[in-house]
*Asks:* 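Here it is, the structure, as structure tokens.
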There are 2 protein chains.
Amino acid sequence: MVKRTSFEGDSCPIARSLEALGDWWSLLIIREALFGLRRFGEFQNKLGMAKNILAARLRSLVDHGILATAPASDGSAYQEYVLTPKGHGTFPILVALRQWSEEFDDHPEEIATILVDRAKGRPVKKLEMRAEDGRLLSPAETTLKPRPAPRRRSA
Amino acid sequence: MVKRTSFEGDSCPIARSLEALGDWWSLLIIREALFGLRRFGEFQNKLGMAKNILAARLRSLVDHGILATAPASDGSAYQEYVLTPKGHGTFPILVALRQWSEEFDDHPEEIATILVDRAKGRPVKKLEMRAEDGRLLSPAETTLKPRPAPRRRSA
DNA sequence: CTTCATGGTTTTATAATGCAACCACACAAG
DNA sequence: CTTGTGTGGTTGCATTATAAAACCATGAAG
């Protein structure tokens, strides 16, 4: 396999996000980190993935600023992997994937869990596209526009 | 490379979604279909990807029910690829990826476009997690719950 | 009919993945 | 202190996934 096309320099933010998130297993590792896993062994045990791939993915996620390493919380000499704010920011992506699957999966009965509001136990509402003024938007009611040049910032 | 682990039988909807969407290029093909591309050559020209990979991806997206083939709209004998409702349902995923990248990208100045409300030209609002009753939810305010057994349906 | 366009298919070589074995250090127990 | 187990990797190997390029079959236009 020749090297996969990199989307790193792409002008589209979707493509750019795939550079950080698009490797096989990456989103599932983030999912587990959101559930609170932190230790290499925890990720490995939960996901059942190859250790060399896990090591490479964790390294990549750290390099992309999604995870950070921190001293283990039990006081041992080991390191843990903790989500950064950038990592936490992936939550809507995971929710979107989940809701798409729940709605369109060929075998919805194979899905084991639903995402609920912790306080009430009720399902989280479907994600909605909304305009600045709150109007609900369908995909057809959106479009792309050139990004305005950023304002100059004082040094 | 040995065969990648399949998430097909996974009980988590996020993992399951990656089976259909997780191949390199798949989400970008869908993005282009959402922009209105339909013909093999259009996808190929726009994305600049290898034709054999494009053919394989289009086949996979059709097999997963995200795209369907239809006679070409110009009356020729060719086929077109059109998004199904399931395909259109991926829009929030793409929006979530876009918004994550816009917020956290190391080089936001390299992003060329913003997603706007077509009528007003104003940026689309950031996606929000909301409870059934409309309360805004942080990730910590959500949890997973076993999916209730489906009701028996009349034959 | 000829020529070009379209939508693939096939071949080839390298990167990406998973498996399994190995390794270096950390930690715990005696 | 020694020994054994746990932890977090690293390494070697084989197969699949990817991209590039060439090839091919049909469609369309003149």
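In the text below, chain A, chain B and the rest are named by the order of the sequence lines, each starting its count at 1.
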*Asks:* May I have the distance from A:Arg4 (atom CZ) to D:dA20 (atom P), rounded to whole angstrom?
*Replies:*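 About 14 Å, once rounded to whole Å.
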
*Asks:* Which nucleotide in the list C:dA20, D:dT18, C:dT9 gets nearest to the side chain of B:Arg57?
*Replies:*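 The nucleotide sitting nearest to the side chain is D:dT18.
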
*Asks:* Which nucleotide in the list C:dA20, D:dT7, D:dA19 gets nearest to the side chain of A:Thr5?
*Replies:*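 Closest of the options to the side chain of A:Thr5: D:dA19.
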
*Asks:* Atom CD1 of B:Ile53 to atom C1' of C:dT10: distance rounded to whole Å?
*Replies:*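 Going from B:Ile53 (CD1) to C:dT10 (C1'), I get 12 Å.
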
*Asks:* Quick check: on DNA chain C, is the nucleotide nearest A:Gly75 upstream (toward 5') of the one nearest A:Met49, or the reverse? Name the residue that is more 5'.
*Replies:*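 On the 5' side of the pair lies A:Met49.
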
*Asks:* Scan side-chain atoms only and decide if B:Ser11 and A:Glu110 contain a donor-acceptor pair under the 3.5 Å cut-off.
*Replies:*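 Note: B:Ser11 and A:Glu110 side chains miss the donor-acceptor criterion.
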
*Asks:* More than 12 heavy atoms of other residues, nucleotides or ligands under 6.0 Å from CD of A:Glu8: is that the case?
*Replies:*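 Check fails, neighbour count at 12 or below.
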
*Asks:* Figure out the CZ/C1' separation between A:Phe7 and D:dA19, and round it to whole Å.
*Replies:*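 Nearest whole value for this atom pair: 12 Å.
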
*Asks:* Out of D:dA19, D:dA28, D:dG9, which nucleotide sits closest to the side chain of B:Ser76?
*Replies:*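 Of all the options, the side chain of B:Ser76 is nearest to D:dA28.
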
*Asks:* Calculate the interatomic distance between A:Asp74 atom CG and D:dG6 atom C1'; express it in whole Å.
*Replies:*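 To the nearest whole Å, that distance equals 12 Å.
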
*Asks:* Among D:dA22, C:dG18, D:dA28, which nucleotide has an atom closest to any side-chain atom of B:Lys51?
*Replies:*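 Nearest to the side chain of B:Lys51 among the choices is D:dA22.
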
*Asks:* What nucleotide, of D:dA19, C:dA15, D:dG12, holds the atom closest to the side chain of B:Ala50?
*Replies:*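 So the nucleotide nearest the side chain must be D:dA19.
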
*Asks:* Can you figure out which of D:dT7, C:dT17, C:dG8 approaches the side chain of A:Arg39 most closely?
*Replies:*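 Comparing D:dT7, C:dT17, C:dG8 against the side chain of A:Arg39, the answer is D:dT7.
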
*Asks:* Without decimals, in angstroms, what is the distance between B:Arg59 CZ and C:dT9 P?
*Replies:*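 In whole Å, C:dT9 P and B:Arg59 CZ are 9 Å from each other.
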
*Asks:* Quickly work out the B:Leu54 CG to D:dA21 C1' distance and round it to whole Å.
*Replies:*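 Nearest whole value for this atom pair: 16 Å.
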
*Asks:* Kindly point out which of C:dA20, D:dA19, D:dG9 is positioned nearest to the side chain of A:Ala55?
*Replies:*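 Nearest nucleotide to the side chain: D:dG9.
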
*Asks:* Between P on C:dG7 and NZ on B:Lys46, what's the gap in Å once rounded to a whole number?
*Replies:*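 Nearest whole value for this atom pair: 17 Å.
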
*Asks:* What integer distance in Å separates B:Tyr78:OH from D:dA25:P?
*Replies:*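 Spelled out: OH on B:Tyr78 to P on D:dA25 is 15 Å.
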
*Asks:* For A:Gln79 and for A:Lys3, locate the closest nucleotide of DNA chain D by heavy-atom distance; then report the residue assigned to the nucleotide nearer the 5' terminus.
*Replies:*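 With A:Gln79 and A:Lys3 compared, the 5'-side residue is A:Gln79.
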
*Asks:* If the cut-off is 4.0 Å, is B:Trp25 near the phosphate of D:dA19, judged by side-chain N/O to OP1 or OP2?
*Replies:*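 It does, given that an N or O in the side chain of B:Trp25 lies less than 4.0 Å from OP1 or OP2 of D:dA19.
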
*Asks:* Hey, which of these two, A:Val2 or B:Gly41, hits DNA chain C nearer its 5' end, going by closest nucleotide?
*Replies:*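 Nearest-nucleotide comparison on DNA chain C picks B:Gly41.
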
*Asks:* What about B:Tyr81: does its side chain form a donor-acceptor pair under 3.5 Å with the base of C:dG7?
*Replies:*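 Checked by distance alone, the answer is no.
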
*Asks:* Closer than 4.0 angstrom, basic N to acidic O: yes or no for A:Glu141 and A:Arg135?
*Replies:*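 Answer for the salt bridge query: no.
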
*Asks:* For A:Glu102, is there an ion pair with A:Arg98 - N to carboxylate O distance below 4.0 angstrom?
*Replies:*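 Yes, charged N to carboxylate O under 4.0 Å.
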
*Asks:* Ion pair present between B:Asp74 and B:Arg39, side-chain N to carboxylate O less than 4.0 angstrom?
*Replies:*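 Yes.
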
